[in-house]
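Everything on this sheet refers to the single structure shown next.
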Number of protein chains: 2
Amino acid sequence: MNGGRTAEKLRDLILRGDYQPGAPLRQTALSARLGVSRTPLRQALQILDDEGLVQQSDFRGASVMTIDAAMLDDLFDMRQALENIALKSAFSKQTKLDFAKAEMALDAAEKTNDPAALSQLNWDFHTALYQPSGRKMLLDGIQRLNRSSALAEAIGHAINDRITASANEHFAILQACRNDDRRGALTLLNEHLKAAHKGALASLLEDKNASH
Amino acid sequence: MNGGRTAEKLRDLILRGDYQPGAPLRQTALSARLGVSRTPLRQALQILDDEGLVQQSDFRGASVMTIDAAMLDDLFDMRQALENIALKSAFSKQTKLDFAKAEMALDAAEKTNDPAALSQLNWDFHTALYQPSGRKMLLDGIQRLNRSSALAEAIGHAINDRITASANEHFAILQACRNDDRRGALTLLNEHLKAAHKGALASLLEDKNASH
DNA sequence: ATTTTCATGATTGTATCCAATTATGGAAAA
DNA sequence: TTTTCCATAATTGGATACAATCATGAAAAT
């Protein structure tokens, strides 16, 4: 089952901006580029379809998902709801959060400017906070939403201001967790999500204007 | 892209109980049964994997997802969070809920005892309530969770008491919606979800005991 | 000039073939 | 008897061949 790895590669390409939203994803060309045959590529396309990064149409092929404001609203409402549950759970369990991993992810995130890598490191950070809750299915759900959101955030090449702001917010959340400040961590998390939502919306509109 | 239809057929077979949780899903046998070749069948397996109804393992094949208590907890926490958002949205929009469709689904649900059809009708009911919010992505997320839950609910052949109780709860929710009683509808919805959770958990334990 | 038709090519979907991996069962060794 | 090993069968994963559908563009009709 190599389709999974193919999906990762293709996801990185999309998040990196090699294929803009709406761009067609031709099977022969893509499979050649990724060094596999069409069979595992199609599996990868199906995976990314279910993740919400790709849209497929009968006999008309696949293309990168196009995102609108309504979708962003839904995505961030869902993220907020689920991540709040996850963070609360992490606090209520007595297992310590993985501070070392969280800090490593944040440090690494500051040094890269590859959108795909950045997205992965951001996820690593969130994982470090939520993982200890042991709620695998909840985590899966959050990751799926994160991946959809990642596309939106990567679109406008994610205005640099927003990236550094996001990093600061992450640090603040981590700090609150270290101090065992549950209430503070939750507020900071929600502010962080709201800011991310706002930023994605802005870069979406900007992108729309840019293409007249 | 016939894989989608194949996925529907297979999903029905699983929900109908033709393949118990943990049962292997052999590609050649299944493709023969469903009247397609292995290629679209494998796509269907991938779709159901992403839906959480099937688990795949490298070179070891696919099998029906096995559900444990922790997964049920996650599933129902997520459902509660998302369905509350959806119902609130439906109320805040001025577009009227689709009462006719909701009632039709409930009536039809009372007349069938096919788990797959019942699951679909239950979803139709929830859709009638949430659809008017127009939040497609939110609805997709809820549907995904519903499908995973459906497997859990169908396991113990869903104790008959629970089925009629669920029907009553649905009617109560519908009634509250008709009266424009937002607060009441929300409480009833949450009670309904909690009862479904409890029921699924019970039938899970019972099933475990039955197989020593 | 505009629209319609239709032949051709491009692209996707399905079936099948081959390769890689895993499961099975019996023989040999302990 | 029990365990280990290996040959064989069963099964999955990937590549390719074929069929079905869609997109194109030029010729014909209006």
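Letters go in sequence order (proteins before strands), and every chain restarts at 1. Every heavy atom of this structure was used, including side-chain atoms; hydrogens, water molecules and symmetry mates were not.
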Check: When you match Arg60(B) and Arg26(A) each to their closest nucleotide on DNA chain C, which lands nearer the 5' end?
Finding: Arg26(A)
Note to self: Is the phosphate of dA15(C) approached by Ser37(B) (side-chain N or O, under 4.0 Å from OP1 or OP2)?
What the structure shows: yes
Next item on the list: Looking at every strand, decide which applies to Arg38(B) at a 4.0 Å heavy-atom threshold: base, sugar-phosphate, or nothing.
Entry: base
Next item on the list: To the nearest Å, give me how far apart CD1 (Ile47(B)) and C1' (dG13(C)) are.
Entry: 13 Å
Notebook entry, point to check: Could you give the CZ-to-C1' distance, from Arg5(B) to dG13(C), as a whole number of Å?
Noted result: 15 Å
Check: So which of Gln27(B), Arg33(B), Gln46(B) actually passes side-chain contact (heavy atoms from CB on, under 4.5 Å) with Leu41(B)?
Finding: Gln27(B)
Checklist line | Per Gln43(B) side chain, nearest of listed nucleotides dA15(D), dT22(C), dT14(C) | finding: dT14(C)
Margin query: Can you tell me which nucleotide in dA15(C), dT12(C), dT22(C) comes closest to the side chain of Phe59(B)?
Written below: dT22(C)
Notebook entry, point to check: With the threshold set at 4.0 Å, does a side-chain nitrogen-carboxylate oxygen contact exist between Asp50(B) and Arg144(B)?
Noted result: no
Margin query: Please report the distance, rounded to the nearest Å, between CG in Leu30(B) and P in dT11(D).
Written below: 12 Å
Notebook entry, point to check: Is the shortest side-chain N/O distance from Gln27(A) to OP1 or OP2 of dG13(C) below 4.0 Å?
Noted result: yes
Margin query: Rounded to whole Å, please give me the gap between CG in Asp58(B) and P in dA19(C).
Written below: 21 Å
Note to self: If I take atom CG in residue Leu34(B) and atom C1' in nucleotide dT14(C), what distance separates them, rounded to the nearest angstrom?
What the structure shows: 15 Å
Check: Does the side chain of Asp77(A) come under 3.5 Å of the side chain of His197(A) through a donor N or O and an acceptor N or O?
Finding: no
Note to self: Within the 3.5 Å criterion, strictly below it, is a donor on Asp124(A) or Gln120(A) matched to an acceptor on the partner's side chain?
What the structure shows: yes
Next item on the list: Name the nucleic acid region contacted by Arg42(B), choosing base, sugar-phosphate or nothing; use a 4.0 angstrom heavy-atom cut-off, strictly under.
Entry: base
Notebook entry, point to check: Could you state the CG-P distance from Leu41(B) to dT11(D), rounded to the nearest angstrom?
Noted result: 14 Å
